[in-house]
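Single-structure report; data block below.
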Amino acid sequence: MRRFLNLAVLLSCAFSASVLAQQDNFTLLREQVESARQQGQMDNADQLANQYLILANQRGDLLEQGRAYFNLGRNAMERNRYPDAKAYLQQAISLFLDINQQSLLAESYRQLGLTYRYQSDYGQALDNVYLAMQIYQTQQDTRAMASVYNSIGTILEKMGQFEQALQAHQQSLDLHYQTGDQEGIASAIFNLGDLNRTMGDRQKALSYFLQALEMDQAVGDPKNIAYSHNKLGFLYSELGNFAQSAIHLNQALALFEQIHAPRDADWARTSLAKLAMDQGHYNEAQQLLDGVIARAMKQEYKSLLVDAYKLAAELAIKKEEYGAALGYIEAGVIQARLNNERADEAILEKLRVQVLVKQDAVREALAALQHQKQLDDELFNAQRAATIANIQAQADFTRQQNQIELLKKEQALQQAMVEQHRLYRNFWVLGLAAGFTLLLMLYHRHNQKRLNRRLEQQVASRTEELQDKNLELQAAYKQLETISLTDKLTGLHNRHFLESHIESDLIHSQRLYQDWQRGKTGKPESADLVVFLIDLDNFKALNDKYGHNVGDDVLRMLKQRMQQVFRHSDYLVRWGGEEFVAVARFIHREDATSLAQRFVESIRHSAFSPQGTEPLWLTCSVGYVCYPLAIAEHNPWATLIKLADLCLYAAKHSGRNGWVGLDAITADPSISLSSIDSEQIQQLVAQDKLHIQHSFASPLRWQSSTAK
């Protein structure tokens, strides 16, 4: 008998060892696939992934089959074979759904969304990415949620929705801060820099990229360090600082070669070719591009190949080699069509028009221009459809969250019912064990039926209450959807929009200064917020004289003046009546005075021309306040508006047609900014506890008043 027991133990151990060996094989193969993919050895990566799939099929292991399809999909993405990538990833999703592997399912949805993004199908991209977000939120996986917000921001950026993209990247940054993920923080800052570069704010982009590089170097991941060097090199080239550009680009190239990342190395060489072209070193640029194009064709780096063709065409135009330029353009157009990269195709057609015009080929240039316009129209329509899809995806995501909450409530109710039934059943078992008489048993059975009926009534009542709550939630959601974030008269954002978005900016600005004060980072640059409160002077008299229609025209024209002075990334808001708010985001507070002066002059020196009236010469008054303040407030936004309003009153009482600003305040626990008034401000200014700047020749007058 002992022998049989020992044999069973040995067989059990052997089986366990076999299972462990199988898992080790899968783990080793996964690591080999990922390593080959990272090093650009795509044929080897595909071969290993197919071996993985064959082994998983032989074992009948659905989990490993799903992982194999996922890796095949990732390989296809690297090769720009997007239809294959989608097919593999959808196969992985189907398997992960069957075996309820939620984390792997979410990551597959995210990668599928990115695949759609590369094909410019932004609606489908957002649908899949939001599915991933829903799973990660259910699992409360903060780190994964941060990565998904990064993907959402990247997709929205491609759609041209820069403000929403900025918010998504900011949410990613906030979540990475919560988890203390330094690599994630650096990636989010990198993405914010790239977005600001795209929006044209190169100085802010530069500060972000430098900060990202510093953090990447602290973490020590050579690939991320190389990415930051490459972006810095490209940006320095755009800024005309060619020496710094060369330093960073060569460092990026050396790191990419060191970690055996050939595609990324050729990406860096493309940037070096652009730098050489900008410096007039045409032969050097041509040699670099010829090598990149040859390797990209061989290794099937299809997106990189399109970028190289575009740059080679630009170089040929500069060298006045128009025949060669047309050859590069045609090759680039063909590849862009195969990649379904319509934006790149439109850029190449624009280059074709330039070349044909230089060759005096008017008819061919017109045909190319018509094709370019058709592509631009298609891109515009696709972007508009994607914007609608984004709104729908967000709405569906919110509805799904409400449904999840309702399901949790229903499950809790059902659990309570099961628990109550169990208690009743135990009660009867104990009664029978105690030997109750038949009559008592019958009585209890009757009582049980009565209690069950009461319970059923309670359950029905509770179910009805839940249904009512569900209807209330749906009604509330519909009401929320109807709230407009845009002022109908001017087209600017309204107060509701600003109050919904400003909080995250305040927190981020405060955190940057706190990290500096605690010695974690250097002194922050471009980290201040400046809140400008703007009011047209004597606007009531204008309305009384010309009528409200003319007044409305003036308010609409004021929007254009604001857009000329402030940046696209700043918040421009109609606060109410003739009052407007502009929030200059993440600037140096020293720039606030020049912004205020520019805006006052833009109103004073240029007449308004409403329809049906003579030109109207108007002035305005501006009050502003800088943030962070040295004194912490429970409700900083309300305090900032109050202080800006007091500065605006001072400008009004000091003669109008000027500005008053609060730059800084001395840290003093006795000062309560939330309850401050004009008289207290005068006292604090006299005590050098407030730093006020203004544009008036005479001393400021701070008298309180209800009229502006």
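Side-chain atoms are counted along with the backbone in the values below, which use heavy atoms only and exclude waters and symmetry mates. Keep in mind the model is a prediction, meaning the values are calculated, not measured.
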CA sep, side-chain torsions, deciding dist, call: L235, L239, side-chain contact (heavy atoms from CB on, under 4.5 Å):
CA-CA 6 Å; L235 182 58; L239 292 168; 4.2 Å; yes

Derivation and outcome, side-chain contact (heavy atoms from CB on, under 4.5 Å), residues Q217 and H229:
CA-CA 11 Å; Q217 289 172 332; H229 275 305; 4.0 Å; yes

In sequence, state the C-alpha distance, the side-chain angles, and the governing distance for F190 and Y208, and then conclude on ring pair (Phe, Tyr, Trp, His ring centres under 6.0 Å).
CA-CA 6 Å; F190 178 92; Y208 276 124; over 10 Å; no

Could you go through F580 and V573, starting from their C-alpha distance and side-chain angles, then the distance that decides it, and tell me whether this counts as side-chain contact (heavy atoms from CB on, under 4.5 Å)?
CA-CA 6 Å; F580 292 76; V573 173; over 6 Å; no

Between D535 and S621, does a side chain to side chain donor-acceptor pair (under 3.5 Å) hold up when you go through it step by step?
CA-CA 5 Å; D535 187 270; S621 300; over 6 Å; no

Taking it one step at a time, do D505 and R585 satisfy salt bridge (charged side-chain N to carboxylate O under 4.0 Å, His left out)?
CA-CA 8 Å; D505 281 0; R585 304 171 65 222; 2.5 Å; yes

Criterion side-chain contact (heavy atoms from CB on, under 4.5 Å) on M562 and I534, from CA distance to verdict
CA-CA 10 Å; M562 294 180 74; I534 299 164; 4.2 Å; yes

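Ring pair H248/F234: centre-to-centre distance not below 6.0 Å. Ring to ring, Y236 and F242 are not that close: their centroids are 6.0 angstrom or more apart.
Within 6.0 Å of the CD atom in Q140, the count of heavy atoms belonging to other residues, nucleotides or ligands does not exceed 12. More than 12 heavy-atom neighbours from other residues, nucleotides or ligands sit within 6.0 angstrom of NE2 on H605. Remark: E214 CD is loosely packed, at most 12 non-hydrogen atoms of other residues, nucleotides or ligands lying under 6.0 Å away.
Put simply, the side chain of S654 gets close to the backbone of A650: a donor and an acceptor are under 3.5 Å apart. The backbone N or O of R567 lies less than 3.5 Å from a partner atom in the side chain of D570, making a donor-acceptor pair. Panel note: side chain N538, backbone A541; no donor-acceptor pair is recorded below 3.5 Å. Between the T639 side chain and the N635 main chain, a donor and an acceptor come within less than 3.5 Å of each other. No donor-acceptor pair closer than 3.5 Å links the side chain of S172 to the backbone N or O of S147. Proximity of a side-chain donor or acceptor of S509 to a complementary backbone N or O of A527 within less than 3.5 Å is detected. For K689 (side chain) and D668 (main-chain N/O), no donor-acceptor pair under 3.5 Å exists by modelled atom type. When atom types are taken as modelled, the side chain of T179 and the backbone of H176 share a donor-acceptor pair closer than 3.5 angstrom. With hydrogens and angles disregarded, no donor-acceptor distance shorter than 3.5 Å links the side chain of H588 to the backbone of E590. Listed for the N191 side chain is a donor-acceptor partner under 3.5 Å among the backbone atoms of S187.
By the 4.0 Å N-to-carboxylate-O rule, D515 lies too far from R511 to be salt-bridged with it. A salt bridge links R197 to D194: at least one charged side-chain nitrogen sits closer than 4.0 Å to a carboxylate oxygen. Ion pairing between a basic and an acidic side chain is recognised when a charged N comes within 4.0 Å of a carboxylate O; K652 and D537 show such pairing. A salt bridge does not link K204 with E525: every distance from a Lys NZ or Arg NE/NH1/NH2 to an Asp or Glu carboxylate oxygen is 4.0 Å or more. Under 4.0 Å is where a charged nitrogen must lie from a carboxylate oxygen, and between D181 and R143 at least one such pair does. Using a cut-off of 4.0 Å between Lys/Arg side-chain N and Asp/Glu carboxylate O, D663 and R589 are scored as not salt-bridged.
Residues C626 and L629 approach most closely at O-CD2, 3.2 Å, considering heavy atoms. Scanning both residues, L640 and V625, for their nearest heavy atoms gives O-CG1, 3.4 Å. Summarising the geometry of S245 relative to G233, their closest heavy-atom pair is OG-O, 2.6 Å, with the distance given to 0.1 Å. A584 and I587 get closest at one heavy-atom pair: CB-CD1, 3.7 Å. Taking each heavy atom of L618 and L542 in turn, the nearest pair found is CD2-CD1, 3.5 Å. Nearest heavy-atom pair across L492 and R574 is CB-N, 4.2 Å.
A side-chain donor from one of D528 and Y513 sits under 3.5 Å from a side-chain acceptor of the other. In summary, the side chains of Q170 and Y149 do not present any donor paired with an acceptor at a separation below 3.5 Å, with no hydrogens or angles considered. Judged by distance alone, the side chains of T490 and D487 do bring a donor and an acceptor atom under 3.5 Å apart. Q611 and D553 form no side-chain donor-acceptor contact under 3.5 Å, judged by distance and modelled atom types alone. No hydrogens or angles considered: nothing links the side chains of T154 and S151 as a donor-acceptor pair under 3.5 Å. Side chain to side chain, R604 and N657 meet the donor-acceptor criterion of an N or O pair below 3.5 Å. For the 3.5 Å distance criterion, the side chains of W659 and Q597 qualify, holding a donor opposite an acceptor. For D216 and S228, the side-chain atoms include at least one donor-acceptor pair closer than 3.5 Å.
Relative orientation of the F497 and Y571 rings is perpendicular, given thresholds of 30° and 60° on the angle between their planes. Taking the six-membered ring where tryptophan is involved, the planes of F532 and Y624 are tilted, since the angle between them lies from 30° to 60°.
H493 is not listed as a side-chain neighbour of L498, based on a closest heavy-atom distance of 4.5 Å or more. Using a 4.5 Å heavy-atom cutoff, the side chains of I665 and H691 are not in contact. W575 is not listed as a side-chain neighbour of N494, based on a closest heavy-atom distance of 4.5 Å or more. The side-chain heavy atoms of L536 and T619, taken from C-beta on, include no pair separated by under 4.5 Å. Side-chain contact check for L648 versus V660: every heavy-atom pair is 4.5 Å or farther apart. For the pair W516/L512, no side-chain contact is recorded, criterion being any heavy-atom separation below 4.5 Å from C-beta on. H169 has its side chain within reach of N150: a pair of non-hydrogen atoms, C-beta onward, lies under 4.5 Å apart. The closest side-chain heavy-atom distance from V583 to L572 is not below 4.5 Å.
Rounding to the nearest 0.5 Å gives a distance of 12.0 Å between CD of Q134 and CE of M145. Taking OG of S606 as the reference point, atom CD of Q560 lies at 10.0 Å (rounded to 0.5 Å). Remark: L210 CG to K231 NZ distance equals 14.5 Å, nearest 0.5 Å. Interatomic distance, CG of L690 versus OG1 of T666, reported as 7.5 Å (0.5 Å rounding). For the atom pair K559 NZ and Q564 CD, the distance stands at 12.5 Å (nearest 0.5 Å). For the atom pair CD (E578) and CG (N543), the distance works out to 8.0 Å, reported to the nearest 0.5 Å.
By the 6.0 Å and 45° rule, R561 does not stack over the aromatic ring of F599.
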